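Notes follow once the structure below has been shown.
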Amino acid sequence: MSENVRVRFAPSPTGALHIGGVRTALFNYLFAKKHNGTFVLRIEDTDQTRYVANAEQYIVDALEWCNIPFDEGPGKNEKFGPYRQSERKDLYKKYADELLEKGWAYYAFDTSEELDAHRKDHEANGKTFIYNWHNREKGRLVNSLVLSEEEVQQKISAGEKYVVRFKTPQDETLILEDEVRGKIKIETNTLDDKVLFKSDGMPTYHLANIVDDHLMEISHVIRGEEWLPSLPLHTLLYRAFEWESPKFAHLSLILKPVGKGKLSKRDGDKLGFPVFPLEYTNEKTGDVSRGYKEDGYFSDAFINMLSLLGWNPGTEQELFTLEELTKTFDLARVSKSGAKFSPDKTKWFNQQYLQQKTNEELATLFLPLLEENNVSSDAIYIQKVVSLIKERAVFVNDFWGLSSFFFEDPTAYDEKASKKQWKETTGSLMEELVSVIEAIEDFSIENAQTDIKGWITSKEIGFGKVMQPLRLSLVGKLAGPDLFEIMTMIGKEATIKRIKNAIAALS
RNA sequence: GCGCUGUUCGUAUAAUGGUUAGUACAUCUGACUUUCUAUCAGAAAAUACGAGUUCAAUUCUCUUACAGCGUACCA
């Protein structure tokens, strides 16, 4: 594995790249970087019916945001280009012909309707229709293995549509090697003769994929588990071309958080979390899907979370920088079973990353939110606010809700809390408190604390009797950081004003 | 249906042919003689079922169940 590791991420531009795709890209990236290799982006757009114009740019932007950019790909270091399969179209025909010549492939003229009929027939009899030697011999199929050479030529020159199919060997047991799953055994007789070349002149995924991986000198194919059933075909194709096969690793799927099945966009909508890295607008329907970026996640937290979905370092470390990940990542520690996605854990990661940021960084990120709320304040004050509230925040977007009372007087009081904490006697108690506060010359945390606590002790009442209504007066609800911090931050004047407001509103 | 793959606390996972099966998220409880969605402490919680191999299996093998993927001229 030492020399020339080259991996590729090969998505189809059929829509937004979802979490599973990002994870596949990430694992490819990590593997490449770990081995000083190259990470290639290849766009597999051989299916023109499913092509979506804004999808490719989305994929590029998403990788960019995740900080896992490709080394080679469309418009970048194109030494093995082009990197869009549609632009490589002319190339594939010759490889299909090569297989035809070598006897590893053949022409087939069956129409979709005929094949559907065969499938239905078999199903009705409780059998599976497999397009392979077994059915070839029965003479039901129309292809160059059963037709004479003249007939084939005739059909082709008559302009009849045809596909090229792979001729799967008969009665053979294949032992396949997967980097995460080990050995896999399969009988060739259970395999279909897959279409390699479509009647529209485009290769299918299977052909294009193998040809491109070979031409681009890919050393390791790391892809989703949905490709595992195609592994025998791909291995056979390498054999047919007499090319050296890359190593394969199949990643398990990401499953929905509750219930069964793989994660889909619907799950995200239903449970309230994004399944895409960036916001995505569907070109046809105009539907907008939310993204992790727009929801306020840090990309490094998002990546950290994804890295631990189906992989673990074998230690108890959970927080990793991208650099640490590239050092630690190992295909051998990728798990074989599917992983349920956990939105909660994702939030936890974001919270951890948020705590690690400095107050300066966070204050800067907070600025736009303050502007939105028509608040301006000096940088030092904002940083101080951030330092007091950040430990309760998961997102920067939480900041305003956690700190608005540092900038403006509360306009409403939590109903339940006022009922419970604001008693008959509270009003006069608060008025007394006002005079205690007025008497404090130097309004520092220490002074406020000693004077107010001293006063409470001398009155021989519980702290809660004073502090709870005071919190209500200053904050509007029973939440937030230390009260003495709040008082000294907003200042003596504002403190007194807010207490008076509360007395007026609640007594 | 057939083929392939998988199955450890609710979830993500660790470890091991012999241990009290570890950790994190979530949950519950307590603490913080002032709040909390925060923090700290604690609790509860798992080797899918059944066989076999073995002195001993959660670990190896097989059956079953369940799940996922594939079974397209889609990728």
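Labels below follow one simple rule: chain letters A, B, ... track the order of the sequence lines, proteins then strands, and each chain is numbered from 1. Predicted model, so just to flag it, every value in this text is computed and none were measured.
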ask   = Do the charged groups of Arg42(A) and Asp213(A) touch, with an N to O distance under 4.0 Å?
value = yes

key: First of Arg392(A) and Asp200(A) reached from the 5' end of RNA chain B, by closest nucleotide   = Arg392(A)

request  = For Ala339(A) and for Asp47(A), find the nucleotide of RNA chain B with the closest heavy atom, then tell me which residue's nucleotide is more 5'.
outcome  = Ala339(A)

query = Is rG1(B) paired to anything, Watson-Crick or G-U wobble with both distances less than 3.5 Å, and if yes, which nucleotide?
reply = rU71(B)

When all nucleic acid strands are considered with a 4.0 Å heavy-atom cut-off, which category describes [X]: base, sugar-phosphate, or nothing?
X         : answer
Lys345(A) : base
Gly310(A) : sugar-phosphate
Asp110(A) : base
Phe484(A) : base
Leu308(A) : sugar-phosphate

query = Within a radius of less than 6.0 Å around NZ of Lys465(A), do more than 12 heavy atoms belonging to other residues, nucleotides or ligands occur?
reply = no

ask   = Does Tyr297(A) have its ring centroid less than 6.0 Å away from the ring centroid of Phe302(A)?
value = no

task = Compare the minimum distances between each of rU34(B), rG6(B), rC4(B) and the side chain of Lys336(A), then state the nucleotide with the smallest one.
result = rG6(B)

message = Of the listed nucleotides (rU13(B), rU11(B), rA75(B)), which one gets closest to any side-chain atom of Ser230(A)?
response = rA75(B)

request  = Using only side-chain N and O atoms of Lys198(A), determine if any of them is under 4.0 Å from OP1 or OP2 of rC74(B).
outcome  = yes

task = List the steps and the verdict of side chain to side chain donor-acceptor pair (under 3.5 Å) for Asn54(A) and Tyr58(A).
result = CA-CA 6 Å; Asn54(A) 66 0; Tyr58(A) 182 93; over 6 Å; no

request  = Rounded to whole angstrom, note down the P distance from rA15(B) over to rA56(B).
outcome  = 26 Å

